[in-house]
2 protein chains.
Amino acid sequence: MSVDDAETLPERPRRRRTPKPHAAGVKAVAAAAGVSLGTVSNVLNRPEVVSPLTRAKVESAMASLGFVRNESARQLRAGSSRILAYLMLDAGNPFFTDVAKGVEEAAQAAGLSVFLCTSSEDADREAAYLDLLEQQRVQGILITPIDQNSSRLRKLPSRGTPVVVVDRALDEGEHCSVAVNDVLGGELAISHLLELGHERIAYVGGPNTIGQVVDRREGARRALRTAGRPAADLVELTTGALTVAEGRGAGQRLAGLPADRRPTAAFCANDLLALGLLQQCVSLGLRVPEDLAIVGYDDIEFAEAAAVPLTSVRQPRQLLGRTAAELLLDESSNPDHEHQRVTFTPELVVRTSTRGTL
Amino acid sequence: MSVDDAETLPERPRRRRTPKPHAAGVKAVAAAAGVSLGTVSNVLNRPEVVSPLTRAKVESAMASLGFVRNESARQLRAGSSRILAYLMLDAGNPFFTDVAKGVEEAAQAAGLSVFLCTSSEDADREAAYLDLLEQQRVQGILITPIDQNSSRLRKLPSRGTPVVVVDRALDEGEHCSVAVNDVLGGELAISHLLELGHERIAYVGGPNTIGQVVDRREGARRALRTAGRPAADLVELTTGALTVAEGRGAGQRLAGLPADRRPTAAFCANDLLALGLLQQCVSLGLRVPEDLAIVGYDDIEFAEAAAVPLTSVRQPRQLLGRTAAELLLDESSNPDHEHQRVTFTPELVVRTSTRGTL
DNA sequence: GGAAGGCTATGAAAGGTTTCAACAGCGTCC
DNA sequence: GGACGCTGTTGAAACCTTTCATAGCCTTCC
C-alpha cells in the first residue's frame with residue numbers, strides 16, 4: 001500500500017454501477033474479431049449477408065468471449081419481442097397445463113417462446129402480471145381471466161399488446177376468444193344421466209363468480225327442461241372453489257343425506273371436484289356407480305386413471321391452446337386481422353363411474 | 001395531391017419502423033406534466049424524494065397518457081431484472097406445479113415475479129430456454145435439469161446468472177441445490193412393505209437416465225440388504241417415462257404374470273406411475289392391496305384422491321420451491337453467499353393401498 | 001479501359017430509461 | 001447578513017443493440 005492509496009481511500013473510485021462479471025458485448029466481439037459493430041449485428045440477425053470468412057471470425061470471437069446477446073437492448077431498439085405469455089388461472093389443474101402444452105406447440109412452430117404465469121385465482125396477482133407483461137412488451141398475452149370485465153384487460157389491446165381470452169367467450173371487446181360450449185357440455189352430462197334413469201341429480205360447483213360454473217349449470221337445467229322434468233330435480237351443492245378438497249367436502253355433505261333424499265347421481269363442474277367427491281363417497285361406503293353415479297368435466301388424465309374411471313365431459317384442451325396461440329400470432333402479424341370467437345364442441349366420455357361394468 | 005407528391009412517391013417517406021400505436025414515454029409524460037425527464041423517473045423509482053405536488057402532476061399525466069414503462073429500457077440501463085425463472089421438467093406433473101407454488105411464494109415476498117417454463121423432458125428445449133433466459137438477463141434461474149452435467153448449465157453462473165438446481169443434488173459446481181433424500185425415500189417404502197410381510201416386490205420406474213429413478217431404486221435395494229434379503233426379491237419393471245400411461249403399461253405386464261410368480265407389492269418411482277398401475281390392475285381384477293399393495297412417490301394430491309388412496313413417500317414440495325428461491329435470492333444479493341446443498345427428509349404416508357382398511 | 005452493378009462492411013444515429021453531479025431556492029443558525 | 005444545509009429538480013451521459021445510408025471493393029460487361 002502506498003501513501004497515495006491511503007489518501008485516495010475515502011473518495012472511492014465509484015464505478016457507475018457494479019458491472020456484471022464479464023459482460024462482453026457486441027463491441028468487444030467486434031474488436032476481437034477485427035470488424036465493426038454493424039457486422040457483428042449482421043452475423044446475429046442476418047447471417048446470410050455476411051461473408052463466410054467474416055462470419056467465422058465473428059463467431060469464434062463470440063464463443064471465446066462467451067458473448068450473450070442482451071435481449072433488453074435488442075428489444076429496445078428493434079421494438080419487438082419474441083415472447084408470448086399465458087396467464088393461467090391455476091397451474092395445479094391439469095386442464096390448464098394441457099392448454100399450455102398446445103400453446104407451446106403453436107409458439108414453437110412460429111419460433112416463439114412461452115412464459116407461463118399463474119394468477120392462482122387471485123385478482124391482484126392477475127393484475128400485477130398483466131402490468132408486468134405489458135411492461136415487458138411481450139408479443140401478446142393469452143389469458144384465462146378471473147374477471148373478464150377487467151378494465152385492465154380491455155385497455156391492453158389499444159396500447160399495442162394483443163390479448164386472446166382462453167376458455168371464456170367474451171361478448172365483445174378488443175380480443176379474440178377461444179372457448180368450449182359449456183352450456184352444451186352441461187346438457188350432455190345431464191342427458192346422459194337421465195337416459196340412465198336417474199331422477200334426482202346433484203350439481204356440484206362454485207363459486208358462482210366463475211363463468212364456467214354458471215354455464216355448465218345452465219346446461220344442466222336446460223337438459224332437465226328438455227326432458228320435461230321439474231327444475232327441482234337438480235339439487236345444487238355450492239363449493240368455494242374447484243378443487244379436490246372442496247369435492248371431498250361436497251362428498252361428505254352428500255353422503256350424509258338420508259338415502260331416500262340423496263341424489264343418485266352427481267354432475268361436477270370439473271374433474272377435481274369429481275375426484276374429491278368420488279374419493280370421499282367411496283371411503284364412506286357408497287358404491288360408485290350403484291349408489292351414486294358421477295360425471296366430471298374436463299376429462300383430465302387423472303379422470304381415466306382413477307380406480308373408478310370417471311365419466312367426464314371432454315374438452316379439446318390442447319387444441320384450445322393451439323388455436324388461441326394461432327389467433328394471437330395472426331393478430332400480431334396480419335394487418336387485416338379480425339377478432340374472432342372460436343367455440344369448440346365438448347364430447348361426453350362414458351366410463352365406469354356412470355355405467356358400471358361395460 | 002400536389003405535383004410534388006407524385007414526384008416523391010417512389011421514394012416512400014420510410015419511417016424508421018412502424019411505431020407501436022401510442023407509445024407515450026417518459027419524455028411525453030415529462031412534457032405533459034411540465035417537469036424534466038429525471039423527475040418522472042424519480043416518481044417511478046424513488047417516489048419519496050419528489051414533492052407531493054409534483055408527484056401528483058406527474059401521476060395524472062401518466063394516467064391520462066396511458067404511460068406504460070418500457071421494461072427493456074429500464075433493464076438495459078439499470079442492469080437488473082425483477083424476474084425469476086423456474087424451468088420445470090414437466091408442467092403436467094403436479095409435483096412440479098407445487099414446487100412452483102413455493103417458488104412464487106418466496107418470490108412474491110421479495111417483490112419479484114416468476115416466469116415458468118417447461119422443457120417437457122426435451123434437452124433441446126431445455127437448452128433453448130436457458131439461452132433465452134440468459135439473454136433476458138433474468139435475476140436467476142431455478143431448474144430441475146434433464147442432464148445435470150450440461151455444460152450450458154455450468155457456464156451460466158460464471159457469466160452472471162445464478163442457478164439453483166431443484167430436486168437434484170449436484171456433487172459440485174457453481175450452484176446451490178435443493179433436494180430430497182431419494183435413497184432414504186426408497187428405503188422407507190421398501191421397509192414398510194417388508195414389515196407388512198411382502199416377499200416379492202416390484203420396482204417400477206424408468207428411464208435410468210433420470211437421477212430420481214436411480215436413487216429410489218438404490219434405496220429399495222439397500223432396504224432389502226438391511227433386512228438380509230436377496231437382491232432378487234426386487235423385480236424390476238423399467239418404464240419409458242414417469243407418466244400415467246407408462247404406469248398402465250406396467251400394470252398390464254404385472255397383472256399378466258402367473259399368480260405364483262407375481263409380486264405381491266409394487267413400489268413406483270412416482271405417483272403418476274402408481275396411479276396408472278393402480279387403475280390398470282384394478283380394472284384387470286386385482287384387488288388392492290389384497291392381491292397387490294402399491295406404494296407411490298411424491299404424494300401428489302391425486303394420490304390421496306384416488307379411490308384406493310395411495311400410500312406414498314411425501315416430499316416437502318412447496319418448501320422445496322421456497323427454499324430454492326430463497327437460496328437464489330441470497331446468491332444474487334449477498335456478496336458473501338456460499339453455495340449450499342440443502343437436503344430434506346422424505347416421509348412415508350401410509351394409506352389404504354398398502355394397509356387395507358385402517 | 002472504364003462504367004455499372006453486386007456484395008460486404010462500416011459508422012453514426014436512435015431507441016426509452018436510469019443515474020448522478022450539479023444547481024436552485026429557501027429557511028436556519030450564528 | 002452571510003454561510004450553510006436541506007429539499008427538489010434538472011440535464012446530459014450511459015446502457016447495448018439494431019438499422020440504414022453510404023462507401024469500398026471486385027466482378028462483369030460493353
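Reminder, nothing fancy here: chain letters follow the sequence lines and each chain counts from 1.
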Tell me, do A/Y86 and A/I141 make a side-chain contact under 4.5 Å, heavy atoms counted?
-> no
B/R125/A/E104 ion pair, N-O < 4.0 Å = yes
Using whole Å, report how far CZ of A/F67 lies from P of D/dC16.
-> 11 Å
What is the distance, rounded to the nearest whole Å, between atom CG of B/L44 and atom C1' of C/dT19?
-> 14 Å
Looking at residues 45-59 of chain B, who's got a heavy atom less than 4.0 Å off DNA chain C?
-> B/N45, B/R46
Give the nucleotide from the list C/dT10, D/dT17, C/dT17 with an atom nearest to the side chain of B/L37.
-> C/dT17
Of the nucleotides C/dT10, D/dC16, C/dT17, which one has an atom closest to the side chain of A/T39?
-> C/dT10
Taking NZ, NE, NH1 and NH2 as the nitrogens, is one of them in B/R159 or B/E134 under 4.0 Å from a carboxylate oxygen of the other?
-> yes
Separation of A/R74 atom CZ from D/dC15 atom C1', in whole Å?
-> 16 Å
NA contact type, B/G38, heavy-atom cut-off 4.0 Å: base, sugar-phosphate, or nothing?
-> base
Testing C/dG16, C/dT10, C/dT17 for proximity to the side chain of A/V35, the answer is C/dT10
Does the side chain of B/M62 come within less than 4.5 Å of B/L44's, by heavy atoms?
-> yes
For B/Q136 and D/dT17, give me the distance from atom CD to atom P, rounded to whole Å.
-> 14 Å
N/O donor-acceptor pair under 3.5 Å between A/R74 side chain and A/S80 backbone | yes
B/Y129 and B/T118 side chains, donor-acceptor separation under 3.5 Å | no
Could you tell me whether a side-chain N or O of B/E126 sits under 3.5 Å from a main-chain N or O of B/P145, the two making a donor and an acceptor?
-> no
Expressed in angstrom and rounded to an integer, what is the separation of B/N70 atom CG from C/dA14 atom P?
-> 18 Å
Interatomic distance, A/K27 NZ vs C/dT10 P [rounded to whole Å] | 16 Å
Nucleotide C/dT8, atom P - distance to CG of A/N42 in whole Å | 11 Å
Over how many whole Å does the gap from A/L76 atom CG to D/dT19 atom C1' extend?
-> 13 Å
When you check the phosphate oxygens OP1 and OP2 of D/dA13, does a side-chain N or O of B/R77 lie under 4.0 Å from one of them?
-> no
